[in-house]
Amino acid sequence: MKVDDYKLLVTLNEAKTLRQAAERLFISQPAVSQRLKSIEEEWGVEIFIRTKRELFVTGAGERIISHAHKVVENETLLKEYLVSHEGAVEGNLNIGVSSLIGSTILAGVLREYTALYPEVNVNIQVGSSPQISNDAADYHISITRGRQILNKENEVLFTDRHYFVAPKSLQDRDDSPVIEFFSEPIYIRLIEKYFEERFNKKYEPQFSVDQIATCRALLLEGVGVTVLPEIVVKDFDTGRFNIEEALVDDEPITRDTYISYDKNVVELPQVKAFITVVRSYIKNFEM
């Protein structure tokens, strides 16, 4: 049934006659009678007993009219809410982010976003960039590294250089264990080439970890050496670590971080607001 049909039942119950209901609804009496007949056929019960003087509600009709009152009232409340909250930033926001973003800037971005927009429910999925890219259809917004996501709007948030990081406790060793983190083959090949050019020996990682955050934790324990993006290296204590930029053929190793989304989804206020907060945060973030 349409909401107008429920409004008709409520009006009939209040007016008590077809004529007065027709006057209130600004439609003809035959039209009211025909619509009531259709409604009763849809429910399969008689809602009103018709007499020459008045309409009387049946037992089944009382239940239907009670339901009709709730439908009409809820629609009125919803319309009032929509008018008063037009353009409000609320609802659900689904985001997928690479593990590097999840362990670095995400917390700061969410702190600012939720402070501004506490009515938004944020659902977060953290994974590798390939995983997030493959599941991009599940998210309003994806933040990944390396490559753009097909059939999405892709915006570069930042480009970071890479640095070789070694605990000073290992500086006198030429056989320091190498830590490698999971990433795309083309990216790993650049790091491999750097190691072989820089140290003139075969690149043979002793530790393979799934996330850069794990790699960073091993470094802090003095376990080995590795190459890390600038966004991770920025907080390392230069008193404890030797840090030098990683170059391949005298060129820096760089990697882009993208924020990706469907063009139409930006019409959602919570999505548009999140993109704005991310841009502002990155602009003020010191690499």
Side-chain angles (χ1 to χ4, degrees), residues 1-96 110 113-125 135-142 151-153 260-278:
M1 281 177 54
K2 299 178 181 179
V3 174
D4 284 347
D5 291 331
Y6 288 114
K7 289 180 179 178
L8 175 66
L9 293 180
V10 171
T11 303
L12 282 168
N13 184 54
E14 293 172 349
K16 302 302 182 185
T17 68
L18 293 172
R19 181 181 61 78
Q20 290 186 25
E23 290 176 355
R24 292 188 186 186
L25 295 170
F26 301 102
I27 56 178
S28 67
Q29 184 172 325
V32 171
S33 180
Q34 183 57 46
R35 281 180 59 188
L36 175 57
K37 181 180 178 182
S38 297
I39 292 169
E40 289 179 325
E41 288 176 352
E42 184 171 345
W43 282 103
V45 295
E46 194 173 36
I47 299 174
F48 292 99
I49 300 296
R50 299 161 179 76
T51 69
K52 292 183 178 180
R53 296 185 57 186
E54 191 174 349
L55 296 173
F56 293 93
V57 183
T58 65
E62 287 182 357
R63 290 181 175 271
I64 294 172
I65 290 171
S66 175
H67 173 63
H69 272 288
K70 293 176 183 177
V71 171
V72 173
E73 181 181 356
N74 287 337
E75 191 207 31
T76 300
L77 291 173
L78 178 58
K79 285 183 175 179
E80 290 175 353
Y81 175 85
L82 294 176
V83 169
S84 63
H85 289 73
E86 185 176 3
V89 180
E90 58 186 4
N92 295 318
L93 176 65
N94 301 321
I95 60 176
L110 291 177
Y113 182 75
T114 54
L116 291 170
Y117 310 109
E119 298 302 316
V120 179
N121 300 314
V122 184
N123 303 304
I124 306 164
Q125 180 64 48
D135 297 334
D138 297 336
Y139 315 122
H140 293 112
I141 294 172
S142 302
N151 303 317
K152 297 281 187 179
E153 298 293 312
S260 309
Y261 46 84
D262 287 325
K263 184 181 295 184
N264 293 337
V265 85
V266 183
E267 296 177 9
L268 295 172
Q270 68 270 33
V271 174
K272 184 176 182 180
F274 186 81
I275 294 171
T276 299
V277 169
V278 171

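Worth knowing before you read on, the calculation uses all heavy atoms, side chains too, and leaves out hydrogens, waters and symmetry mates. This one's a predicted model, so the numbers in the text were calculated from it and none came from an experiment.
By the salt bridge (Lys or Arg N to Asp or Glu O under 4.0 Å) test, Glu14 is found to be paired with Arg24, residues two or more places apart in sequence or in another chain being considered. Shown here are the ring-ring contact (aromatic ring centres under 6.0 Å, His included) partners of Phe48, two or more places apart in sequence or in another chain: there are none. With sequence neighbours excluded, the residues that form a side-chain contact (heavy atoms from CB on, under 4.5 Å) with Asn94 are Asn123, His140. With sequence neighbours left out, Tyr117 forms a ring-ring contact (aromatic ring centres under 6.0 Å, His included) with Tyr113. Taking Glu54 as the reference, nothing meets the side chain to side chain donor-acceptor pair (under 3.5 Å) condition, with sequence neighbours excluded. Partners of Glu73 under the side-chain contact (heavy atoms from CB on, under 4.5 Å) rule, at least two apart in sequence or in another chain, are Leu77. Qualifying salt bridge (Lys or Arg N to Asp or Glu O under 4.0 Å) partners for Glu153, counting only residues two or more places apart in sequence or in other chains: none. Partners of His67 according to the ring-ring contact (aromatic ring centres under 6.0 Å, His included) rule, which considers only residues two or more places apart in sequence or in another chain, are Tyr6. Not counting sequence neighbours, the partners of Ser260 by the side chain to side chain donor-acceptor pair (under 3.5 Å) test are Asn154.
Going from atom CD1 of Ile65 over to atom OG1 of Thr11 covers 10.5 Å, rounded to the nearest 0.5 Å. Between the CG atom of Leu9 and the NE2 atom of His69 there is a distance of 9.5 Å, given to the nearest 0.5 Å. Here the straight-line distance linking atom CD1 of Ile27 with atom CG of Asp4 works out to 9.0 Å at 0.5 Å rounding. The CG atom of Leu93 sits 9.5 Å away from atom CG of Asn121, with the distance rounded to the nearest 0.5 Å. Interatomic distance, CD1 of Ile64 versus CG of Asn13, reported as 12.0 Å (0.5 Å rounding). In this structure, Ile124 CD1 and Leu110 CG are separated by 4.5 Å, a value rounded to the nearest 0.5 Å.
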Any chance you could lay out the side-chain contact (heavy atoms from CB on, under 4.5 Å) test for Val3 and Lys7, step after step, and finish with the verdict?
-> CA-CA 6 Å; Val3 174; Lys7 289 180 179 178; 3.8 Å; yes
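Residues in residues 28-44 take part in these side chain to side chain donor-acceptor pair (under 3.5 Å) pairs, two or more places apart or across chains: Asp5-Arg35, Glu40-Arg50. Sorted pairs that involve residues 58-71 and meet salt bridge (Lys or Arg N to Asp or Glu O under 4.0 Å), not counting sequence neighbours, are lacking altogether.
Two residues are said to be in side-chain contact when any heavy atoms from C-beta on lie closer than 4.5 Å; Val45 and Thr58 fail this criterion. Within the 4.5 Å cutoff, no side-chain heavy atoms of Val89 are placed close to those of Leu116. Residues Leu8 and Leu12 are in side-chain contact: their nearest non-hydrogen atoms beyond the backbone lie under 4.5 Å apart.
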Would you give me the side-chain donor-acceptor pairs under 3.5 Å for residues 262-274, sequence neighbours excluded?
| unit_1 | atom_1 | unit_2 | atom_2 | d |
| --- | --- | --- | --- | --- |
| Asp262 | OD1 | Lys152 | NZ | 3.4 |
| Asp262 | OD2 | Lys152 | NZ | 3.2 |
| Gln270 | NE2 | Asn92 | O | 2.9 |

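In the displayed structure, Asn151 atom CG is contacted under 6.0 Å by at most 12 heavy atoms of other residues, nucleotides or ligands.
Smallest separation of non-hydrogen atoms from Ala21 and Ala15: N-CB, 3.6 Å.
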